[in-house]
Student: 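Below you will find the structure I want to go over with you.
What you see is a predicted model, and the numbers here were worked out from it, not measured in a lab.
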Amino acid sequence: MAVQLNHTIVHATDKKASAEFLAGLLGLEVQPQFGPFLPVVAANDVTLDFMDAGDGGITPQHYAFLVSEDDFDAIFGRIKDAGLTYYADPHRQHEGEINHNDGGRGVYWADPDGHSMEILTRPYGSGS
C-alpha cells in the first residue's frame, strides 16, 4: 500500500467554531464527534480532526487545500463575503491579492486561532 495522509489534528480554542468555520468556507460538512474530535473530511478522505487545545495553547499551523477552478471561485467568494482578510502569500505581505503560482490561483487567510489556511488550484512546482 502506498503511504497516504489519513488525518491530522487541528488544535482550537473552540473546536466546534473552528470546524464550522473551515467547513463552511470549503463547502464541506462537520462530521459527528468522534472521541474528543470534530472531524472535517476532504474529498480525498483526509480528515482534519478539530480538538480543543485546553490550557496548552495553540501553535499556528498551515493547511493547504487543492481545489478546482470552480471550487476556488466558490470558496474565494465565501472568503470575501465573510469579510476575511486574505493574502497572495504565506508571509502576509500582499493583502487583498491572490497569487498565480504555477499558472493557477492561490490565496491564504487565517482561521479563528491563527492557523494559516490556503486554497490553490495547481500544486506547487506543477507549472512551467
Student: Spell out, as yes or no, whether a donor-acceptor pair under 3.5 Å connects the side chain of Gln61 to the backbone of Thr59.
Tutor: yes

Student: Looking only at heavy atoms, which two atoms of Gly125 and Asp102 are closest? And how far apart?
Tutor: N-OD2, 2.9 Å

Student: What's the separation between atom OH in Tyr86 and atom CD1 in Ile79, rounded to the nearest 0.5 Å?
Tutor: 9.0 Å

Student: To the nearest 0.5 angstrom, please state how far the CG atom of Leu48 sits from the CG atom of Leu38.
Tutor: 12.0 Å

Student: Search all heavy atoms of Lys16 against all heavy atoms of Glu20 and return the closest pair with its distance.
Tutor: NZ-OE2, 2.8 Å

Student: Would the distance check show the side chain of Ser126 and the main-chain N or O of Pro123 forming a donor-acceptor pair, the cut-off being under 3.5 Å?
Tutor: yes

Student: Do Val10 and Met51 come close enough that some side-chain heavy atom pair is under 4.5 Å?
Tutor: no

Student: What's the spacing between Asp111 CG and Met117 CE if we round to 0.5 Å?
Tutor: 4.0 Å

Student: Between Gly114 and Pro60, what is the shortest heavy-atom contact and its length?
Tutor: O-CB, 3.4 Å

Student: Going from CD1 on Ile75 to OG on Ser68, what distance comes out if it is rounded to the nearest 0.5 angstrom?
Tutor: 7.5 Å

Student: Once you round to the nearest 0.5 Å, how far does CD of Glu97 lie from CG of Asp89?
Tutor: 8.0 Å

Student: Considering non-hydrogen atoms only, spot the tightest contact between Ala23 and Val30 and give its length.
Tutor: CB-CG2, 3.8 Å

Student: Would you name the heavy atoms of Leu66 and Thr121 that are closest together and state the gap between them?
Tutor: CD1-C, 3.8 Å

Student: Between Leu26 and Arg78, what is the shortest heavy-atom contact and its length?
Tutor: C-NH2, 3.5 Å

Student: Do Leu84 and Val107 belong to the same hydrophobic cluster, where Ile, Leu, Val, Met, Phe, Trp and Tyr are linked whenever their side-chain heavy atoms lie under 4.5 Å apart, directly or via other members?
Tutor: yes

Student: In this structure, are over 12 heavy atoms from other groups packed under 6.0 Å from Tyr124 atom OH?
Tutor: yes

Student: Between atom OH of Tyr87 and atom CZ of Arg92, what is the distance when rounded to the nearest 0.5 Å?
Tutor: 5.5 Å

Student: Among pairs that include at least one residue of residues 43-72, which meet ring-ring contact (aromatic ring centres under 6.0 Å, His included), considering only residues two or more places apart or in two chains?
Tutor: His62-Tyr108, Tyr63-His115, Phe72-Phe76

Student: Would you say Leu25 ends up clustered with Leu120 if hydrophobic residues are merged whenever their side chains have heavy atoms under 4.5 Å apart, either directly or through other cluster members?
Tutor: no

Student: Taking ring pair (Phe, Tyr, Trp, His ring centres under 6.0 Å) as the test, write out the residues that go with His11, two or more places apart.
Tutor: none

Student: Indicate whether any N or O donor in one side chain lies under 3.5 Å from an N or O acceptor in the other, for Asp113 and Thr13.
Tutor: yes

Student: So which pairs with a foot in residues 26-49 pass side chain to side chain donor-acceptor pair (under 3.5 Å), sequence neighbours left out?
Tutor: none

